[in-house]
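Every value quoted in this text rests on a predicted model; they were computed, and no experiment measured them. Reckoned from all heavy atoms, side chains included, excluding hydrogens, waters and symmetry mates.
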Amino acid sequence: MGKINIYQEAERCLLCQNAPCTSAAKGGDPARALRAIRFDNAALAGKYLKDADLDAAQKACIHYDRPVRLKEIAKLLPQLKEYDKLPSLEIEFCGIKCENPFFLASSAVCTNYEMVANAFKAGWAGVFYKTICLQDINEVSPRFDAVKSPDGSFAGFRNMEQLSENPPKVDFDILSRLKKDFPSKIVVASIMGHTDADWIKLSKMAQKAGVDAVELNFSCPQMRISGMGSDVGQNTDLVVYYTTIVKSAVSIPVIPKMTPNISVMAPVAVMAHLAGADAISAINTIKSVTMNHGSEVSGKKIMSGYSGRAVKPIALRFILEISRNKILQGSPISGIGGITTWKDALEFIQLGCSNVQVCTAIMEYGYRIIEDLKYGLQTYMAERGIESLSQLVGEEVPNFVNTDQMDRKTKVFPLIDRDVCIGCGRCYISCMDGGHQAIEFKEDRKPHIVGTKCVGCHLCRLVCPTGAIGLAKRIPK
(Lines give C-alpha, C1' and ligand atoms only; values in the text may rest on other atoms or scores of the structure.)
Protein backbone atom coordinates (compact mmCIF):
# COMPACT_ATOMS: atom_id res chain seq x y z
CA MET A 1 0.00 0.00 0.00
CA GLY A 2 1.33 3.44 -0.90
CA LYS A 3 1.83 6.38 1.38
CA ILE A 4 -1.45 7.61 2.86
CA ASN A 5 -2.73 11.17 2.83
CA ILE A 6 -3.13 12.07 6.51
CA TYR A 7 -5.88 14.58 5.79
CA GLN A 8 -7.98 12.14 3.81
CA GLU A 9 -7.44 9.46 6.43
CA ALA A 10 -8.37 11.81 9.27
CA GLU A 11 -11.55 12.73 7.37
CA ARG A 12 -12.63 9.11 7.88
CA CYS A 13 -12.68 9.59 11.66
CA LEU A 14 -16.24 9.69 12.98
CA LEU A 15 -15.25 12.17 15.74
CA CYS A 16 -16.94 9.97 18.34
CA GLN A 17 -18.29 10.98 21.71
CA ASN A 18 -16.11 9.39 24.45
CA ALA A 19 -13.97 7.97 21.65
CA PRO A 20 -13.06 4.30 22.16
CA CYS A 21 -9.64 4.85 20.57
CA THR A 22 -8.66 7.31 23.28
CA SER A 23 -10.02 5.09 26.05
CA ALA A 24 -7.96 2.16 24.74
CA ALA A 25 -4.77 4.16 24.15
CA LYS A 26 -3.76 4.27 27.85
CA GLY A 27 -2.06 7.58 27.26
CA GLY A 28 -2.28 10.43 24.82
CA ASP A 29 -5.53 11.24 23.04
CA PRO A 30 -5.80 9.80 19.51
CA ALA A 31 -9.29 11.24 19.03
CA ARG A 32 -8.01 14.73 19.82
CA ALA A 33 -5.12 14.18 17.43
CA LEU A 34 -7.47 13.32 14.57
CA ARG A 35 -9.60 16.34 15.37
CA ALA A 36 -6.51 18.56 15.21
CA ILE A 37 -5.78 17.27 11.70
CA ARG A 38 -9.41 17.74 10.64
CA PHE A 39 -9.36 21.36 11.78
CA ASP A 40 -6.07 22.41 10.17
CA ASN A 41 -3.67 21.85 13.08
CA ALA A 42 -1.90 18.72 11.82
CA ALA A 43 1.39 19.51 13.56
CA LEU A 44 -0.40 19.53 16.91
CA ALA A 45 -1.61 15.94 16.41
CA GLY A 46 1.77 14.43 17.27
CA LYS A 47 1.51 15.83 20.79
CA TYR A 48 -1.62 13.75 21.40
CA LEU A 49 -0.24 10.57 19.80
CA LYS A 50 3.15 10.64 21.53
CA ASP A 51 2.31 8.50 24.57
CA ALA A 52 -0.58 6.54 23.09
CA ASP A 53 -0.70 2.79 22.48
CA LEU A 54 -1.59 3.11 18.81
CA ASP A 55 -2.06 -0.63 18.28
CA ALA A 56 -4.70 -0.74 20.99
CA ALA A 57 -6.25 2.53 19.83
CA GLN A 58 -6.49 1.34 16.25
CA LYS A 59 -8.11 -1.94 17.29
CA ALA A 60 -10.68 -0.05 19.35
CA CYS A 61 -11.76 2.15 16.43
CA ILE A 62 -15.48 1.60 15.75
CA HIS A 63 -15.47 2.84 12.15
CA TYR A 64 -18.07 0.96 10.13
CA ASP A 65 -15.62 0.18 7.31
CA ARG A 66 -12.09 -0.18 8.69
CA PRO A 67 -10.10 1.42 11.51
CA VAL A 68 -8.50 4.80 10.95
CA ARG A 69 -4.81 4.10 10.32
CA LEU A 70 -3.36 5.89 13.32
CA LYS A 71 0.08 4.31 13.07
CA GLU A 72 0.58 5.45 9.48
CA ILE A 73 -0.71 8.92 10.33
CA ALA A 74 1.74 9.21 13.22
CA LYS A 75 4.69 8.58 10.89
CA LEU A 76 3.73 11.35 8.47
CA LEU A 77 2.78 14.22 10.74
CA PRO A 78 4.58 17.56 10.25
CA GLN A 79 6.92 18.70 12.99
CA LEU A 80 5.34 20.70 15.80
CA LYS A 81 7.04 24.03 16.38
CA GLU A 82 6.99 24.93 20.04
CA TYR A 83 6.56 28.53 21.18
CA ASP A 84 7.50 29.86 24.60
CA LYS A 85 4.30 31.88 24.64
CA LEU A 86 1.47 32.14 22.16
CA PRO A 87 0.06 35.60 21.39
CA SER A 88 -3.12 36.79 23.06
CA LEU A 89 -6.31 36.70 20.98
CA GLU A 90 -7.83 39.65 22.83
CA ILE A 91 -9.56 42.17 20.61
CA GLU A 92 -12.00 45.06 20.98
CA PHE A 93 -15.40 45.08 19.35
CA CYS A 94 -17.60 48.16 19.75
CA GLY A 95 -15.29 49.26 22.54
CA ILE A 96 -15.86 45.97 24.38
CA LYS A 97 -12.83 43.84 25.24
CA CYS A 98 -13.24 40.24 24.00
CA GLU A 99 -10.91 37.44 25.15
CA ASN A 100 -10.92 36.06 21.60
CA PRO A 101 -12.84 36.75 18.38
CA PHE A 102 -14.98 33.58 18.46
CA PHE A 103 -18.71 33.94 19.19
CA LEU A 104 -21.76 31.70 18.95
CA ALA A 105 -24.05 32.91 16.17
CA SER A 106 -27.70 33.59 16.91
CA SER A 107 -29.19 30.17 16.14
CA ALA A 108 -29.99 26.73 17.48
CA VAL A 109 -26.53 26.52 19.11
CA CYS A 110 -27.55 28.98 21.84
CA THR A 111 -31.17 28.55 22.91
CA ASN A 112 -30.86 28.13 26.68
CA TYR A 113 -28.64 28.79 29.69
CA GLU A 114 -26.96 25.37 29.79
CA MET A 115 -25.88 25.47 26.14
CA VAL A 116 -24.28 28.89 26.36
CA ALA A 117 -22.67 28.13 29.74
CA ASN A 118 -21.09 24.99 28.29
CA ALA A 119 -19.78 26.99 25.33
CA PHE A 120 -18.30 29.64 27.62
CA LYS A 121 -16.58 26.98 29.71
CA ALA A 122 -15.17 25.45 26.53
CA GLY A 123 -13.55 28.78 25.60
CA TRP A 124 -15.95 30.73 23.39
CA ALA A 125 -15.65 34.46 24.02
CA GLY A 126 -19.27 35.44 23.58
CA VAL A 127 -22.73 34.76 22.25
CA PHE A 128 -25.21 36.41 19.94
CA TYR A 129 -28.17 34.69 21.62
CA LYS A 130 -30.99 33.20 19.56
CA THR A 131 -33.28 35.98 18.36
CA ILE A 132 -35.98 37.04 20.80
CA CYS A 133 -39.37 38.32 19.62
CA LEU A 134 -42.84 39.03 21.02
CA GLN A 135 -44.68 36.74 18.60
CA ASP A 136 -45.53 33.09 19.28
CA ILE A 137 -43.04 30.85 17.48
CA ASN A 138 -44.21 27.36 16.62
CA GLU A 139 -41.49 25.53 14.69
CA VAL A 140 -41.98 22.80 12.08
CA SER A 141 -40.64 19.23 12.05
CA PRO A 142 -38.27 18.33 10.52
CA ARG A 143 -36.62 21.71 10.14
CA PHE A 144 -33.12 20.91 8.84
CA ASP A 145 -31.59 19.53 5.64
CA ALA A 146 -28.00 19.11 4.48
CA VAL A 147 -26.13 18.92 1.19
CA LYS A 148 -23.33 16.48 1.94
CA SER A 149 -19.78 16.07 0.68
CA PRO A 150 -18.59 12.59 -0.38
CA ASP A 151 -17.06 12.11 3.10
CA GLY A 152 -20.46 12.71 4.71
CA SER A 153 -19.71 16.17 6.12
CA PHE A 154 -21.98 19.13 5.47
CA ALA A 155 -21.10 21.00 2.28
CA GLY A 156 -24.11 23.19 2.99
CA PHE A 157 -26.90 23.25 5.54
CA ARG A 158 -30.49 24.41 5.16
CA ASN A 159 -32.76 25.33 8.05
CA MET A 160 -36.39 26.36 8.45
CA GLU A 161 -36.00 27.63 12.02
CA GLN A 162 -37.33 30.99 12.96
CA LEU A 163 -36.70 32.56 16.38
CA SER A 164 -36.59 31.60 20.05
CA GLU A 165 -39.64 29.71 21.23
CA ASN A 166 -39.12 30.88 24.82
CA PRO A 167 -41.22 33.72 26.26
CA PRO A 168 -39.15 36.93 26.15
CA LYS A 169 -38.99 37.17 29.94
CA VAL A 170 -37.44 33.71 30.11
CA ASP A 171 -34.78 34.55 27.52
CA PHE A 172 -33.85 37.87 29.09
CA ASP A 173 -33.59 36.18 32.48
CA ILE A 174 -31.22 33.65 30.88
CA LEU A 175 -29.10 36.47 29.43
CA SER A 176 -28.99 38.24 32.79
CA ARG A 177 -27.85 35.05 34.55
CA LEU A 178 -25.21 34.39 31.90
CA LYS A 179 -23.74 37.86 32.30
CA LYS A 180 -23.67 37.54 36.10
CA ASP A 181 -22.17 34.04 36.07
CA PHE A 182 -19.67 34.75 33.28
CA PRO A 183 -18.81 38.47 33.64
CA SER A 184 -15.77 38.27 31.33
CA LYS A 185 -17.83 36.81 28.48
CA ILE A 186 -19.71 38.97 25.98
CA VAL A 187 -23.48 38.53 25.87
CA VAL A 188 -25.38 40.05 22.95
CA ALA A 189 -29.17 39.92 22.71
CA SER A 190 -30.50 39.41 19.19
CA ILE A 191 -34.00 40.85 18.82
CA MET A 192 -36.66 41.16 16.12
CA GLY A 193 -39.74 43.34 16.30
CA HIS A 194 -42.78 43.69 14.10
CA THR A 195 -43.83 47.19 15.14
CA ASP A 196 -42.09 50.26 16.53
CA ALA A 197 -43.32 49.34 19.99
CA ASP A 198 -41.90 45.82 19.65
CA TRP A 199 -38.41 47.05 18.79
CA ILE A 200 -38.39 49.59 21.61
CA LYS A 201 -39.75 47.17 24.21
CA LEU A 202 -37.32 44.37 23.31
CA SER A 203 -34.28 46.64 23.20
CA LYS A 204 -35.11 48.13 26.61
CA MET A 205 -35.63 44.65 28.06
CA ALA A 206 -32.22 43.67 26.67
CA GLN A 207 -30.49 46.64 28.25
CA LYS A 208 -32.23 46.04 31.58
CA ALA A 209 -30.99 42.43 31.49
CA GLY A 210 -27.44 43.75 31.47
CA VAL A 211 -26.31 42.52 28.07
CA ASP A 212 -23.27 44.06 26.39
CA ALA A 213 -24.99 44.92 23.10
CA VAL A 214 -28.11 44.30 21.04
CA GLU A 215 -28.21 42.81 17.54
CA LEU A 216 -31.12 43.76 15.26
CA ASN A 217 -32.20 40.77 13.18
CA PHE A 218 -33.10 42.39 9.85
CA SER A 219 -32.28 39.23 7.95
CA CYS A 220 -34.01 35.95 8.88
CA PRO A 221 -35.20 34.58 5.49
CA GLN A 222 -38.10 32.38 6.65
CA MET A 223 -40.37 34.46 8.87
CA ARG A 224 -44.05 33.46 8.52
CA ILE A 225 -45.12 37.05 9.33
CA SER A 226 -44.54 39.65 6.63
CA GLY A 227 -42.66 42.80 7.59
CA MET A 228 -40.12 40.89 9.70
CA GLY A 229 -36.65 39.45 9.10
CA SER A 230 -35.26 39.82 5.59
CA ASP A 231 -38.36 41.85 4.62
CA VAL A 232 -36.77 44.60 6.71
CA GLY A 233 -33.17 44.02 5.59
CA GLN A 234 -34.13 44.45 1.94
CA ASN A 235 -35.79 47.79 2.65
CA THR A 236 -33.33 50.59 3.33
CA ASP A 237 -35.99 52.88 4.78
CA LEU A 238 -37.03 50.27 7.36
CA VAL A 239 -33.40 49.54 8.27
CA VAL A 240 -32.82 53.24 8.94
CA TYR A 241 -36.10 53.64 10.80
CA TYR A 242 -35.74 50.69 13.16
CA THR A 243 -32.03 51.32 13.77
CA THR A 244 -32.86 54.91 14.70
CA ILE A 245 -35.62 54.07 17.15
CA VAL A 246 -33.57 51.37 18.88
CA LYS A 247 -30.58 53.72 19.16
CA SER A 248 -32.84 56.31 20.77
CA ALA A 249 -34.19 53.73 23.22
CA VAL A 250 -30.92 52.28 24.61
CA SER A 251 -27.35 53.30 25.38
CA ILE A 252 -25.66 49.95 24.67
CA PRO A 253 -24.14 49.24 21.23
CA VAL A 254 -26.64 48.48 18.46
CA ILE A 255 -25.64 46.03 15.70
CA PRO A 256 -27.92 45.56 12.66
CA LYS A 257 -27.60 42.13 11.03
CA MET A 258 -27.58 42.29 7.23
CA THR A 259 -29.36 39.99 4.81
CA PRO A 260 -27.45 38.51 1.85
CA ASN A 261 -30.73 38.16 -0.05
CA ILE A 262 -30.03 41.40 -1.82
CA SER A 263 -27.84 42.34 -4.79
CA VAL A 264 -25.68 44.97 -3.05
CA MET A 265 -25.29 45.16 0.73
CA ALA A 266 -23.09 48.25 1.22
CA PRO A 267 -25.81 50.88 0.64
CA VAL A 268 -28.02 49.29 3.31
CA ALA A 269 -25.09 48.98 5.72
CA VAL A 270 -24.15 52.61 5.06
CA MET A 271 -27.64 53.79 5.92
CA ALA A 272 -27.65 51.69 9.09
CA HIS A 273 -24.31 53.26 10.00
CA LEU A 274 -25.59 56.77 9.34
CA ALA A 275 -28.63 55.96 11.49
CA GLY A 276 -26.28 55.34 14.40
CA ALA A 277 -25.39 51.65 14.20
CA ASP A 278 -22.29 50.86 16.24
CA ALA A 279 -21.30 47.86 14.10
CA ILE A 280 -22.59 45.57 11.35
CA SER A 281 -23.23 41.81 11.45
CA ALA A 282 -23.08 39.95 8.13
CA ILE A 283 -24.30 37.63 6.77
CA ASN A 284 -27.44 35.74 7.68
CA THR A 285 -28.47 32.66 5.71
CA ILE A 286 -29.10 32.68 1.96
CA LYS A 287 -32.52 31.80 0.58
CA SER A 288 -32.32 28.35 -0.94
CA VAL A 289 -34.14 25.20 -2.01
CA THR A 290 -33.23 21.55 -1.38
CA MET A 291 -35.28 18.62 -2.69
CA ASN A 292 -34.69 15.94 -0.05
CA HIS A 293 -38.02 14.19 0.60
CA GLY A 294 -36.86 13.36 4.13
CA SER A 295 -36.96 17.06 4.97
CA GLU A 296 -40.51 17.68 3.81
CA VAL A 297 -43.07 18.89 6.33
CA SER A 298 -46.23 16.86 5.79
CA GLY A 299 -45.33 16.58 2.11
CA LYS A 300 -44.65 20.31 1.68
CA LYS A 301 -41.46 22.26 1.05
CA ILE A 302 -40.47 25.92 1.39
CA MET A 303 -37.63 28.19 0.40
CA SER A 304 -35.43 28.78 3.45
CA GLY A 305 -31.97 29.70 4.73
CA TYR A 306 -28.70 28.07 3.58
CA SER A 307 -25.46 28.14 5.58
CA GLY A 308 -22.23 26.19 6.04
CA ARG A 309 -19.05 25.88 3.99
CA ALA A 310 -20.80 26.53 0.68
CA VAL A 311 -21.77 30.09 1.60
CA LYS A 312 -18.34 31.26 2.82
CA PRO A 313 -17.17 32.81 -0.49
CA ILE A 314 -20.48 34.68 -0.74
CA ALA A 315 -20.20 35.90 2.84
CA LEU A 316 -16.62 37.07 2.21
CA ARG A 317 -17.79 38.98 -0.86
CA PHE A 318 -20.28 40.94 1.26
CA ILE A 319 -17.71 41.53 4.02
CA LEU A 320 -15.26 42.90 1.44
CA GLU A 321 -17.99 45.13 0.00
CA ILE A 322 -18.59 46.65 3.44
CA SER A 323 -14.88 46.99 4.24
CA ARG A 324 -14.10 48.80 0.98
CA ASN A 325 -16.86 51.34 1.41
CA LYS A 326 -15.32 54.67 2.43
CA ILE A 327 -18.20 55.67 4.68
CA LEU A 328 -18.05 52.36 6.57
CA GLN A 329 -14.28 52.29 7.05
CA GLY A 330 -13.60 52.04 10.77
CA SER A 331 -17.04 50.61 11.54
CA PRO A 332 -16.65 47.25 13.34
CA ILE A 333 -17.87 44.15 11.50
CA SER A 334 -18.96 40.82 12.94
CA GLY A 335 -18.45 38.17 10.26
CA ILE A 336 -20.68 35.14 9.74
CA GLY A 337 -20.98 32.48 7.05
CA GLY A 338 -19.38 29.05 6.67
CA ILE A 339 -16.64 29.36 9.29
CA THR A 340 -15.38 25.90 10.25
CA THR A 341 -11.61 26.18 10.80
CA TRP A 342 -9.28 28.87 12.07
CA LYS A 343 -8.21 29.51 8.47
CA ASP A 344 -11.82 30.38 7.61
CA ALA A 345 -11.96 32.77 10.56
CA LEU A 346 -8.66 34.33 9.52
CA GLU A 347 -10.06 35.15 6.08
CA PHE A 348 -12.97 37.05 7.63
CA ILE A 349 -10.61 38.91 9.95
CA GLN A 350 -8.24 39.79 7.11
CA LEU A 351 -11.19 41.29 5.21
CA GLY A 352 -12.14 43.54 8.12
CA CYS A 353 -13.98 41.59 10.85
CA SER A 354 -13.17 42.18 14.51
CA ASN A 355 -15.00 39.04 15.54
CA VAL A 356 -16.64 36.06 13.88
CA GLN A 357 -19.80 34.09 14.63
CA VAL A 358 -20.08 30.33 14.16
CA CYS A 359 -23.22 28.21 13.85
CA THR A 360 -23.28 25.33 11.34
CA ALA A 361 -19.84 23.98 12.27
CA ILE A 362 -20.93 23.81 15.92
CA MET A 363 -24.14 22.02 14.95
CA GLU A 364 -22.04 19.44 13.09
CA TYR A 365 -19.03 19.10 15.40
CA GLY A 366 -19.86 20.69 18.76
CA TYR A 367 -18.45 23.48 20.92
CA ARG A 368 -15.13 21.56 21.16
CA ILE A 369 -13.92 23.06 17.86
CA ILE A 370 -13.02 26.23 19.80
CA GLU A 371 -9.76 24.54 20.88
CA ASP A 372 -8.52 24.30 17.31
CA LEU A 373 -9.93 27.68 16.31
CA LYS A 374 -7.93 29.41 19.03
CA TYR A 375 -4.75 27.35 18.72
CA GLY A 376 -4.57 27.63 14.94
CA LEU A 377 -5.02 31.39 14.95
CA GLN A 378 -2.49 31.84 17.75
CA THR A 379 0.19 29.76 16.04
CA TYR A 380 -0.41 31.62 12.78
CA MET A 381 0.17 34.90 14.62
CA ALA A 382 3.28 33.50 16.30
CA GLU A 383 4.72 32.32 12.97
CA ARG A 384 4.29 35.81 11.55
CA GLY A 385 5.51 37.58 14.68
CA ILE A 386 2.16 39.34 15.16
CA GLU A 387 1.46 40.34 18.75
CA SER A 388 -2.04 41.80 18.42
CA LEU A 389 -4.98 40.30 16.54
CA SER A 390 -6.05 43.81 15.55
CA GLN A 391 -3.01 43.92 13.24
CA LEU A 392 -4.72 41.33 11.01
CA VAL A 393 -8.05 43.13 10.76
CA GLY A 394 -8.53 44.23 7.15
CA GLU A 395 -4.95 43.57 6.06
CA GLU A 396 -6.03 41.85 2.81
CA VAL A 397 -8.51 44.53 1.72
CA PRO A 398 -5.90 46.63 -0.18
CA ASN A 399 -4.99 43.57 -2.27
CA PHE A 400 -8.42 43.55 -3.92
CA VAL A 401 -8.69 45.62 -7.09
CA ASN A 402 -11.13 46.10 -9.94
CA THR A 403 -10.92 43.84 -13.00
CA ASP A 404 -9.33 46.58 -15.13
CA GLN A 405 -6.42 46.75 -12.68
CA MET A 406 -5.44 43.06 -12.89
CA ASP A 407 -2.04 42.08 -14.35
CA ARG A 408 -2.72 40.70 -17.82
CA LYS A 409 0.87 40.81 -19.10
CA THR A 410 2.28 37.80 -17.24
CA LYS A 411 1.32 34.23 -16.45
CA VAL A 412 2.26 31.39 -14.11
CA PHE A 413 2.76 27.87 -15.45
CA PRO A 414 1.77 24.86 -13.34
CA LEU A 415 4.76 23.06 -11.85
CA ILE A 416 4.52 19.25 -11.47
CA ASP A 417 6.30 17.43 -8.64
CA ARG A 418 6.88 14.03 -10.21
CA ASP A 419 7.78 12.44 -6.88
CA VAL A 420 4.31 13.26 -5.54
CA CYS A 421 2.40 12.61 -8.78
CA ILE A 422 0.83 9.14 -8.80
CA GLY A 423 -0.10 9.18 -12.49
CA CYS A 424 -3.88 9.18 -12.12
CA GLY A 425 -4.40 11.44 -15.13
CA ARG A 426 -7.07 13.61 -13.53
CA CYS A 427 -5.24 16.76 -14.64
CA TYR A 428 -5.13 15.49 -18.22
CA ILE A 429 -8.87 14.72 -18.31
CA SER A 430 -9.83 18.12 -16.94
CA CYS A 431 -7.44 20.02 -19.18
CA MET A 432 -8.64 18.16 -22.29
CA ASP A 433 -12.36 18.47 -21.56
CA GLY A 434 -12.56 21.70 -19.57
CA GLY A 435 -9.32 23.57 -20.20
CA HIS A 436 -6.97 24.28 -23.09
CA GLN A 437 -5.74 20.81 -24.13
CA ALA A 438 -2.29 21.70 -22.81
CA ILE A 439 -1.37 18.42 -21.08
CA GLU A 440 -0.06 15.26 -22.68
CA PHE A 441 -0.43 11.95 -20.84
CA LYS A 442 2.07 9.40 -22.15
CA GLU A 443 3.07 5.81 -21.48
CA ASP A 444 4.99 6.82 -18.35
CA ARG A 445 1.63 7.84 -16.85
CA LYS A 446 2.95 11.27 -16.01
CA PRO A 447 1.46 14.59 -17.22
CA HIS A 448 3.59 16.77 -19.48
CA ILE A 449 2.71 20.45 -19.88
CA VAL A 450 2.60 21.74 -23.46
CA GLY A 451 3.96 25.24 -22.97
CA THR A 452 2.70 26.59 -26.29
CA LYS A 453 -0.87 25.75 -25.35
CA CYS A 454 -0.90 26.31 -21.59
CA VAL A 455 -2.53 29.60 -20.61
CA GLY A 456 -1.80 29.23 -16.88
CA CYS A 457 -5.44 28.79 -15.82
CA HIS A 458 -4.46 26.18 -13.16
CA LEU A 459 -7.50 23.96 -13.48
CA CYS A 460 -5.02 21.08 -13.37
CA ARG A 461 -3.67 22.19 -10.00
CA LEU A 462 -7.14 22.45 -8.53
CA VAL A 463 -8.26 18.96 -9.57
CA CYS A 464 -5.03 17.17 -8.59
CA PRO A 465 -5.96 14.80 -5.71
CA THR A 466 -2.41 14.53 -4.32
CA GLY A 467 -1.23 18.15 -4.38
CA ALA A 468 1.45 17.29 -6.94
CA ILE A 469 0.91 20.45 -8.99
CA GLY A 470 2.16 23.78 -7.72
CA LEU A 471 3.10 27.20 -9.05
CA ALA A 472 6.10 28.04 -11.21
CA LYS A 473 7.65 31.50 -11.40
CA ARG A 474 5.54 34.31 -12.88
CA ILE A 475 6.92 35.31 -16.29
CA PRO A 476 5.94 37.65 -19.13
CA LYS A 477 3.43 36.18 -21.58
Could you give all pairs that pass the side chain to side chain donor-acceptor pair (under 3.5 Å) test and reach residues 263-278, with sequence neighbours left out?
Lys247-Asp278

May I ask you to check if Arg177 and Tyr113 form a cation-pi contact, with NZ or CZ under 6.0 angstrom from the six-membered ring centre and within 45° of the axis?
yes

Report yes if the side chains of [X] and [Y] come closer than 4.5 Å at any heavy-atom pair, otherwise no.
{"X": "Phe128", "Y": "Leu104", "answer": "no"}
{"X": "Arg35", "Y": "Asp372", "answer": "yes"}
{"X": "Leu346", "Y": "Leu377", "answer": "yes"}

Evaluate whether atom [atom1] of [X] has more than 12 neighbouring non-hydrogen atoms of other residues, nucleotides or ligands under 6.0 angstrom away.
{"X": "Lys301", "atom1": "NZ", "result": "yes"}
{"X": "Gln405", "atom1": "CD", "result": "yes"}
{"X": "Asp404", "atom1": "CG", "result": "yes"}

Scan for salt bridge (Lys or Arg N to Asp or Glu O under 4.0 Å) pairs involving [range], sequence neighbours excluded, and state none if there are none.
{"range": "residues 345-363", "value": "Lys312-Glu347"}
{"range": "residues 199-219", "value": "Lys179-Asp212"}
{"range": "residues 107-127", "value": "none"}
{"range": "residues 375-401", "value": "Arg384-Glu395"}

Take Glu92 and Lys97, measure what salt bridge (charged side-chain N to carboxylate O under 4.0 Å, His left out) needs, and give me the verdict at the end.
CA-CA 5 Å; Glu92 277 199 4; Lys97 183 183 286 187; over 6 Å; no

Does Glu296 pair with Lys300 as a salt bridge, N-O distance under 4.0 Å?
no

For Ala277 and Thr243, the nearest pair of non-hydrogen atoms, with its separation, is N-CG2, 4.0 Å

Return the orientation label for the Trp124 and Phe102 ring planes: parallel under 30°, perpendicular over 60°, tilted otherwise.
perpendicular

For Arg38, give me all partners under side-chain contact (heavy atoms from CB on, under 4.5 Å), at least two apart in sequence or on another chain.
Ala10, Glu11, Cys13, Leu15, Tyr365

